[in-house]
Each structure stands twice: as structure tokens, then as C-alpha cells.
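Okay, so here's the structure we're looking at.
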Amino acid sequence: AYSVTLAEGLIVLASIQAKRQAPSDAMQSLDEAIALAKQASNASVEVDARLQMAEVLSALAPARAEEEIRLVLRLSQMADTRRQEAKAWGALAQLLRQQAQWKEAFEALECFQQLSARTAARDVQQQIAAWEADRSAQDLREQTRVLTALGDIGRKIAASLKLEDIVLAVYEGVGALMKTDSFGLGLYDPVRDQIDYELLLEGGMRLPPLQLTRNSNSFSGWCVENRQPLMMGDAAIEYRRYLPLLPPEHGAGSPHRSLLYAPMIINEEVIGLISAQSRHPYAYTDRDLATLMTLAASVSVAVQNARLYASVLAAARVDELTGAMTRRYFFERAGVEFQRAQRELAPLSVIMVDLDRFKLLNDTWGHALGDQVLRTFGALVQSHKRPHDLFGRYGGEEFALVLPGADHEGAMRVAQYLCQETEALALRCRDQPVHVTASFGVATRAQDDTHIDALLARADSALYRAKAEGRNRVEFAEDERPTL
């Protein structure tokens, strides 16, 4: 028992050391914790230590971090500790996403989601079984109803990978949990230091989203700042305990008397909160607060899951350097737009772009400047294209645009403008100006075009001609015909 307690203490110490930017000390503490856990034959504590080890290593040695996580998966599977196995799959998905291994990241994320759902269902069943042993029949029926509602919400949100689906599941199920006059689900953005209430209910009606700053002298801000739940039986009397700077008339002016707030916490970070409020004083009990905290814990996992999925999806669709679509995603969207134009007999144009002498620029000034040129050109196009235009990175320094609704003359105007703006870019390296130009090829959908590839091929031929005739110019497809 002493070895296990000491190992757990070393894990906590390692977490503090890692936050203080002392990874070597943290690794040493974790090595000792692992040795003590092995000595005590406690696989659960060893798994916790190795997960912490993987987190420390993720930025220093990703390959070794992955080895630790996969060892944790084997240990947790042998010990049948599903919660720890789910946590390991989540950590592996995050690590693989950082290494741009999208297919493996999706597979790990799917395992994390499935295990989280099974774990949540098992937790609910275990809580029901515990209550059955020491509650009266009437009380048991009420608690079983609440837990069933929690289980229903938990299953729905565990199967959701979109934030709006999670919010909708909570919205549809909260009425079965407790009586509320007002209910809210807010997500905290630490970058903006702002709480975004994605779900607000008042009298059963859904209200528009609401934004609050964390330091707005509100109970929501207090909950996020202090990372603690909050329960007030009568806010008119008790509010100054939490918000002493509020004026005395605040207590009498608020319509809600009973308040519950529960923070949503993942990996020791507050990601949001859930609140329930009633116009009646002392409407809630400790059990209601426990119910809200259980819901907050389930929603936290689902929100983090959805955010991870969204980040993986975005990284697979958007080129990080330029902000353009990746080649594969661009072709998917371009094909859809081409079919729509065919169906609606609407004009559609494409522009192929190639940054002139980019290899020479890289060789002369270095790849750091090359990246800056790509980044700046991407920002230029993004700032001038229409919201429904498609902008993709075709490969290397080559890009493509799809302009729905644009005829030949409109596409030429866009290409000419971008050509001029590219030449006007003010870039410098080693205190010297760097001149950047680009060549453009334009093609517009013809009546006998049957696929986007044909249109792109004509634009590419026009681009080749622009480069052959001196670069820094716009050319259109030689065989342009009247468009529909």
C-alpha cells in the first residue's frame, strides 16, 4: 500500500514539474512511479504513470511517446481498465494528428469514442446498482429516472462528432433531469477569454447564443475562474459571497433565486460550464448538483471528442501553410461545383496559378522565405476571393481557383487583378526587396465539357503558355468556346 501511495504522489509531482517546464525532473519522477507500481503489481497506477510519461514526451520525442501509449493500451487491455484504455486511445489520436497521420488518427479516435460510450454506460449502471442497495423504493424510482435520462443523453452525445449535435442532445434531454426555468451550456475559449453559451433555455424556449467575458463579474465567470461547482439556495441573499463587487440592488433584481453551475473540465483544463436556474428559492439539492456535475463530465468528453474530430478534419482539408484547400478536398469540391453548373446551365471558370521561378527563389533566399511567399500569396487570394469561390493548393507552388457563376470576362478580370497584386507584394529578406510574380491560365466551362478535369487541363495549358511567353501574365485557353 505504501508503494502505491508513493507512486501516486510521484505522478502528481511529475505533473507539477511538467507544468513548470522541467521535463527531465518529470521523467525521473515517473520512472520511479512506474518502478514502484510494478513492485506493488498495480497495473492501474503504472498505466497512469505511463500516460503521464507519454504526455511529457509528446513534444520532445513523439516516437517514444507513441511507444508508451501503445504499451499502455496493452496493459489496460490485460487489466480490463476501459477508462484508462479510452484515455490512451484519445492520447494516441492526438499524437497521430500532430504527426499528420490522419487515417491512423481517425481510427484511434473511433476507438476512443466507442470505449468512452461503453464506459459511460457502465458508470451509469454501476451508480444505479449502488443506489438500489441503500435507497427507498420511491427514491430509487426517481433516481433511476434521472440516471436513465443521463444515460440517454450520454449515449447520444458519445455517438456525436459535431458540436451542434451534442448541444441538441442536451437540449432534448435536459427536461427529464430536473425542473429548471433557465438552463445554459457554455464553452470557454481561453484565447479570447470568453464564454460562448451555445445553448440557452428560458421557460422551455431556446434563446439566441450569448457571449460573456470570463471577468464579466458573473457567476459563469466565477465558475470558470475557480474551477468549482456553485450552488445557491437564494441568490438574492447569497450572491455577495461569490461576487462581492455587485451592487446591493442586484440581488433583488434577478428573477432567478436558485442557481446551479458545474464546470466542464478535461485534462485539468476548464472547457466550459453547465448551469440550471429556478425562480423559486431552495429549489435544488446536493443530488441535483451531483446530477449536473455528472452531465457536465459526460458533455466534457463529448465536446473534446468533437473538437479533436473537427481539428483532424480541418487539417485534412486545409493546407496549414497557405490556408488553401488540400488537393484531394479541392478536387472533391470542384467536382460538385462542376456538376451543379452543368445541371443549372450556369457559367463556371477555373484559374490555374504558378508562382514564377519559385525554385530559384528557394535556392537564392532559403526555404523560410519560400514559405513566407506561399503564406503571403495564400492570404492575398483568401482576402480577395468570394466566399463561395474554391481555392486549392494544386501542388508545390501551383494553385487553382474555381469561380462558380463567373464567365470568361469575369474570370480574366480576377486573374489580371491577382497577377498585379502578386507583383505588388512587398517582401524583404536580409534587408533586400524580393520580387515575386505569378503566371495565370484561365478556362471557362464549355458546352461539351463533361468533367472538371477537362476544364482544369485547358486552364493548365493556358498557364503553360503564360510561362512560355515570359511569365507574370494571364493567358486563356486557346480553344475557348461560347459558354452556357
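Below, each value reflects all heavy atoms present in this structure, side chains not excepted, and no hydrogens, waters or symmetry copies. Keep in mind it's a predicted model, so treat the numbers as computed, not measured.
Under the 4.5 Å side-chain criterion, counting only non-hydrogen atoms from C-beta, Thr376 is in contact with Gln372. Here the side chains of Leu259 and Met231 are not in contact, with every heavy-atom distance at 4.5 Å or above. Taking the side chain as every heavy atom from C-beta outward, Thr180 and Leu201 never approach each other to under 4.5 Å. Here the side chains of Tyr197 and Leu185 are not in contact, with every heavy-atom distance at 4.5 Å or above. Within the 4.5 Å cutoff, no side-chain heavy atoms of Gln17 are placed close to those of Val56. Two residues are said to be in side-chain contact when any heavy atoms from C-beta on lie closer than 4.5 Å; Arg333 and Val336 fail this criterion. You'll find the side chain of Leu187 reaches within 4.5 Å of the side chain of Arg307, heavy atoms only. Between Asp389 and Pro404, some side-chain heavy-atom pair lies under the 4.5 Å cut-off.
Interatomic distance, CG of Asp189 versus CD of Gln211, reported as 11.0 Å (0.5 Å rounding). Atom CD of Glu269 and atom CD of Gln304 lie 9.5 Å apart (nearest 0.5 Å). The structure places CE of Met53 at 5.5 Å from CZ of Arg64, a figure rounded to the nearest 0.5 Å. With rounding to the nearest 0.5 Å, the separation of CZ in Phe377 from CG in Leu425 is 8.5 Å. The CZ atom of Arg386 sits 6.0 Å away from the CG atom of Leu403 when rounded to the nearest 0.5 Å. Between Leu168 atom CG and Ile157 atom CD1 the span is 12.0 Å, to the nearest 0.5 Å.
Within a 6.0 Å sphere centred on CD of Glu66, heavy atoms belonging to other residues, nucleotides or ligands number more than 12. Within a 6.0 Å radius of CD in Glu320, other residues, nucleotides and ligands contribute 12 heavy atoms or fewer. No more than 12 heavy atoms of other residues, nucleotides or ligands lie within 6.0 Å of CE in Met293, so this atom counts as exposed by the packing criterion.
Cation-pi geometry between Arg327 and Tyr394 is met: the NZ or CZ atom falls under 6.0 Å from the ring centre, inside 45° of the normal.
Closest of all the heavy-atom pairs between Ala18 and Ala26 is N-CB, 4.0 Å. The shortest non-hydrogen separation linking Leu289 to Leu230 is CD1-O, 4.2 Å. For the residue pair Gln52 and Ser15, the shortest heavy atom distance occurs at NE2-CA, 3.4 Å.
For the residue pair Tyr188 / Asp193, a side-chain donor-acceptor distance below 3.5 Å is found, with atom types taken as modelled. Side-chain contact, Asp288 with Thr291: no donor N or O sits under 3.5 Å from an acceptor N or O.
Checked against a 6.0 Å centroid threshold, the rings of Phe330 and Phe391 do not count as neighbours.
A donor-acceptor contact shorter than 3.5 Å is absent between the side chain of Glu68 and the backbone of Ala54. Between the side chain of Glu238 and the main chain of Gly233, a donor-acceptor pair closer than 3.5 Å is present.
Between Tyr242 and Phe219, the ring-plane angle classifies as perpendicular under the 30° and 60° cut-offs.
A salt bridge between Glu67 and Arg70 is absent, with no side-chain N of the basic residue lying under 4.0 Å from a carboxylate O of the acidic one. Taking a cutoff of 4.0 Å between a charged side-chain nitrogen and a carboxylate oxygen, Glu202 and Arg279 qualify as a salt bridge.
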